[in-house]
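The structure appears right after this line, and notes come after that.
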Amino acid sequence: MNAKEIKRIASAWAEVMRENQTFLVELDSVAGDGDIGMVLSDGFAAVDRALQDTEEEDIGKLVYRIGRTLAAEAPSSMGTLLASGFMQAGKALRGNTEFGISDLIKLMEEIGEGIMVLGGAVEGEKTSLDSLLPGLRAMREHASAPLGDALLAAEKAAEQGFENTRNMLAKHGRIAVRGEGSRTIADPGAAAVMLLYRGLRLALAGAETRET
């Protein structure tokens, strides 16, 4: 897989964020200030435009550009966290013109690391990490499987991680002020990351077949 697939991923992320904008807004209206759906829909639409307009072949530079675009076009706490993660991932992947499952694992590892460093959270505290890290573990466990199977496993694990946030005590953000009352509320950041995994699966389904 090469830069064409990165552009395909950008388009899939733009689409899933647009399709789920209302879903994210509704979640964030309970847990935060209600802006995550609009911000991420607009942000990833800008990412899609930015990547389609470039002839860059370096995977790391393209991923870094995703982060820079989100930093400029998704001005919210979640947008900032994702921007930091993508820029960190871009630095780690710079110099590659092709990528595979190991690079997708590295991408999500670096996004997770960026979120942990900037956000100061760990898994189990009702944040985006609670879908990101289960999805990452599933991707690692299925790394030797066909790509579509690995990405489906990651998406399902991330979805379950998101659902599990309904039972967690929030320790970060506006929702944390609710204390025990936060346990019944699903985390919108975890939902957003779940959608990133969905976009990966939708974009890359059949990628191995297209290469043969």
Side-chain angles (χ1 to χ4, degrees), residues 9-49 66-87 89 108 111-136 154-202:
I9 291 168
S11 295
W13 281 338
E15 183 67 12
V16 296
M17 292 302 175
R18 183 189 65 79
E19 289 179 347
N20 290 277
Q21 178 176 323
T22 299
F23 167 63
L24 291 174
V25 167
E26 289 174 351
L27 284 176
D28 200 35
S29 294
V30 176
D33 53 14
D35 70 341
I36 190 173
M38 292 176 287
V39 166
L40 292 185
S41 181
D42 290 347
F44 279 99
V47 164
D48 189 25
R49 291 192 299 270
I66 292 173
R68 287 292 300 271
T69 303
L70 288 175
E73 302 292 339
S76 70
S77 56
M78 189 63 197
T80 299
L81 289 171
L82 288 177
S84 173
F86 275 108
M87 286 190 282
M108 299 311 291
I111 291 174
E113 182 67 22
I115 290 172
M116 284 188 278
V117 170
L118 189 60
V122 297
E123 190 173 5
E125 294 183 342
K126 204 182 190 82
T127 71
S128 56
L129 294 174
D130 293 305
S131 60
L132 191 151
L133 295 179
L136 177 57
E155 181 188 355
K156 288 183 175 179
E159 183 177 358
Q160 185 59 58
F162 159 67
E163 292 295 338
N164 289 344
T165 65
R166 297 182 190 276
N167 301 313
M168 294 178 183
L169 178 69
K171 295 187 178 181
H172 302 271
R174 296 188 180 191
I175 191 175
V177 302
R178 300 187 182 210
E180 286 294 326
S182 69
R183 287 192 184 275
T184 60
I185 301 170
D187 183 68
V193 170
M194 173 188 71
L195 295 175
L196 292 184
Y197 280 109
R198 183 175 301 171
L200 285 177
R201 195 249 316 159
L202 292 171

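All residue numbers refer to positions in the sequence shown, counting from 1. Side chains are part of it too, since the values below use all heavy atoms of this structure and drop only hydrogens, waters and symmetry mates.
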Would you name the heavy atoms of [X] and [Y] that are closest together and state the gap between them?
X: A74; Y: G43; value: CB-CA, 4.2 Å
X: F23; Y: A191; value: CE2-CB, 4.0 Å
X: P134; Y: A157; value: O-CB, 3.4 Å
X: M194; Y: F162; value: SD-CD2, 4.0 Å
X: G79; Y: S76; value: N-OG, 3.1 Å
X: L132; Y: Y197; value: O-OH, 2.6 Å

Main-chain N/O of [Y] paired with [X] side-chain donor or acceptor, under 3.5 Å:
X: D28; Y: L24; result: no
X: D130; Y: G124; result: yes
X: T165; Y: D187; result: yes
X: S84; Y: T80; result: no
X: S131; Y: A190; result: yes

For a 4.5 angstrom cut-off between non-hydrogen side-chain atoms, does [X] reach [Y]?
X: L196; Y: W13; answer: yes
X: E73; Y: D42; answer: no
X: E125; Y: M168; answer: no
X: L195; Y: F44; answer: no
X: L133; Y: L136; answer: yes
X: V39; Y: M78; answer: no

Once rounded to the nearest 0.5 Å, what's the spacing between atom [atom1] of [X] and atom [atom2] of [Y]?
X: S41; Y: R18; atom1: OG; atom2: CZ; result: 7.5 Å
X: K126; Y: N164; atom1: NZ; atom2: CG; result: 10.0 Å
X: L27; Y: T22; atom1: CG; atom2: OG1; result: 11.0 Å

* Is it true that K156 and E159 have a side-chain N and a carboxylate O under 4.0 angstrom from each other? ->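 Result for this pair is no, no salt bridge flagged.
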
* Show your working on side chain to side chain contact (heavy atoms under 4.5 Å, CB included) between R198 and N20 and close with a plain yes or no. => CA-CA 11 Å; R198 183 175 301 171; N20 290 277; 4.1 Å; yes

* Asked: Hey, which of T127, I111, L129, I115 is the one that makes side-chain contact (heavy atoms from CB on, under 4.5 Å) with L81?
  ->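 That would be I115; it is the only one of T127, I111, L129, I115 passing the side-chain contact (heavy atoms from CB on, under 4.5 Å) with L81.
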
